[in-house]
Amino acid sequence: MKFVVLTIFPEMINPFLENGMLRLAVERGLIDARALNIRDYADGKHKETDDKPYGGGCGMVMKPEPLSRAIGAASEIAPTAKRILLTPQGRPFDQAMAHEFSATDGLIFICGRYEGVDERICQGMVDEEVSIGDYVMTGGELAAMVIIDAVTRLLPGVLGGDESAEKDSFSGGLLEHAHYTRPSIFGGESVPDVLMSGNHAKIERWRRETSLIRTFLKRPDLLEQRSFSREEKHVLTEWCRRIEELVG
């Protein structure tokens, strides 16, 4: 899979690609990831990529010419890649979108700066606008890195275990279950006995139940539109019975 990040600060992207999971994915040939400097496609001595907005107002707007050329260069590297403009106005990024993007041949990220990019770029050279949250940052670079990380870990062979990504939070519509490691006692708290029992069926039931509990306590909104399995309904019914006993 190919990732191309268009930015005026490639030095922000390169260290990200040279560490951890991303570095291993590059070394194994599972992804091809690079940053292109938009300034390399700008005219003039100063390689300007921004200008004052027509109609007045504060701030600067990214010019269409260098952006257009940079997008063209990125499309030569990844001809079938989806062109993504990172903007607070875009479709909210979530785990479902990460899976959607992981099934594509590649992604080209257009990282805006200043007040945004010339609207003619948005209308003619962008396949989709994407946001990573309802807040404003100084540029799209961090958003590009967030999406690259979330998508890459879904690609076959990237994570250590084949089921690692499938069991992550949000993959099944729930938060992930609680985790414990050595030592068995820390701060006066012990690891739940079931996890040291060796009974894999009981361990799996415990993990499903703690996943439901954590989702209910931390992100109840995720349960509002959920279709519960028979086992999940049994767990919820048992909770109701216990709560009634406590308050009864």
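Please read all numbers here as calculations on a predicted model, not as lab measurements. Position 1 is the first residue of the sequence, and the numbers go up from there.
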Considering non-hydrogen atoms only, spot the tightest contact between [X] and [Y] and give its length.
| X | Y | value |
| --- | --- | --- |
| Thr138 | Arg113 | O-CD, 3.3 Å |
| Val158 | Thr152 | CG2-O, 3.3 Å |
| Lys63 | Asp50 | CD-O, 3.6 Å |
| Gly59 | Pro53 | O-CD, 3.3 Å |
| Gly157 | Arg28 | O-NH1, 3.2 Å |
| Lys202 | Asn199 | N-OD1, 3.1 Å |

Side chain proximity check, [X] to [Y], heavy atoms < 4.5 angstrom:
| X | Y | answer |
| --- | --- | --- |
| Ile13 | Ile148 | no |
| Tyr114 | Ile8 | yes |
| Ser75 | Ile108 | yes |
| Leu6 | Val4 | yes |
| Leu107 | Met1 | yes |
| Glu128 | Val130 | yes |
| Leu223 | Leu174 | yes |
| Cys122 | Glu129 | yes |

When you look at [atom1] of [X], are more than 12 heavy atoms from neighbouring residues, nucleotides or ligands closer to it than 6.0 Å?
| X | atom1 | value |
| --- | --- | --- |
| Arg91 | CZ | yes |
| Glu119 | CD | yes |
| Asp221 | CG | yes |
| Lys47 | NZ | yes |
| His200 | NE2 | no |
| Gln89 | CD | no |
| Glu189 | CD | no |
| Tyr135 | OH | yes |

Same cluster (ILVMFWY, side-chain, under 4.5 Å), [X] and [Y]:
| X | Y | result |
| --- | --- | --- |
| Val136 | Leu85 | no |
| Leu155 | Leu22 | yes |
| Trp206 | Ile213 | no |
| Leu86 | Val61 | no |
| Met196 | Val194 | yes |

With a 3.5 Å distance limit and no angle check, can you tell me whether [X] reaches the backbone of [Y] through a side-chain donor-acceptor pair?
| X | Y | value |
| --- | --- | --- |
| Asp40 | Leu36 | no |
| Arg23 | Phe16 | no |
| Thr104 | Phe101 | yes |
| Glu232 | Ser229 | yes |
| Arg83 | Asp127 | no |
| Lys2 | Ala33 | no |

Measuring from [X]:[atom1] to [Y]:[atom2], what's the distance to the nearest 0.5 Å?
| X | Y | atom1 | atom2 | result |
| --- | --- | --- | --- | --- |
| Asp94 | Ile132 | CG | CD1 | 12.5 Å |
| Tyr180 | Phe186 | OH | CZ | 12.5 Å |
| Ile147 | Ser102 | CD1 | OG | 13.0 Å |
| Glu11 | Asn14 | CD | CG | 8.0 Å |
| Leu236 | Glu231 | CG | CD | 11.0 Å |
| Phe228 | Thr237 | CZ | OG1 | 10.5 Å |

ask   = Under the side-chain contact (heavy atoms from CB on, under 4.5 Å) criterion, do Asp32 and Val26 qualify, and how do the steps go?
value = CA-CA 6 Å; Asp32 179 332; Val26 171; over 6 Å; no

query = Mind checking whether Phe109 and Phe3 have parallel, tilted or perpendicular rings, split at 30° and 60°?
reply = parallel

Test item: side-chain donor near acceptor, Thr7 and Glu141, under 3.5 Å = yes

inquiry  = Tell me which one of Leu212, Thr210, Leu222 satisfies side chain to side chain contact (heavy atoms under 4.5 Å, CB included) with Leu175.
reply    = Leu222

ask   = Per the side chain to side chain contact (heavy atoms under 4.5 Å, CB included) rule, which among Asp118, Ile121, Ile38 passes with Met62?
value = Ile38

inquiry  = Let's go through Arg242 and Glu238 carefully: what are the C-alpha distance in whole Å and the side-chain angles of both, what is the deciding distance for salt bridge (charged side-chain N to carboxylate O under 4.0 Å, His left out) to 0.1 Å, and is it a yes or a no?
reply    = CA-CA 6 Å; Arg242 293 177 183 175; Glu238 183 64 18; 3.5 Å; yes

ask   = Going through the distances and angles, do Glu245 and Arg241 end up as a salt bridge (charged side-chain N to carboxylate O under 4.0 Å, His left out)?
value = CA-CA 6 Å; Glu245 290 177 352; Arg241 184 186 65 78; 2.4 Å; yes

request  = Answer yes or no: is there an ion pair linking Arg205 with Glu209, defined by an N-O contact shorter than 4.0 Å?
outcome  = no

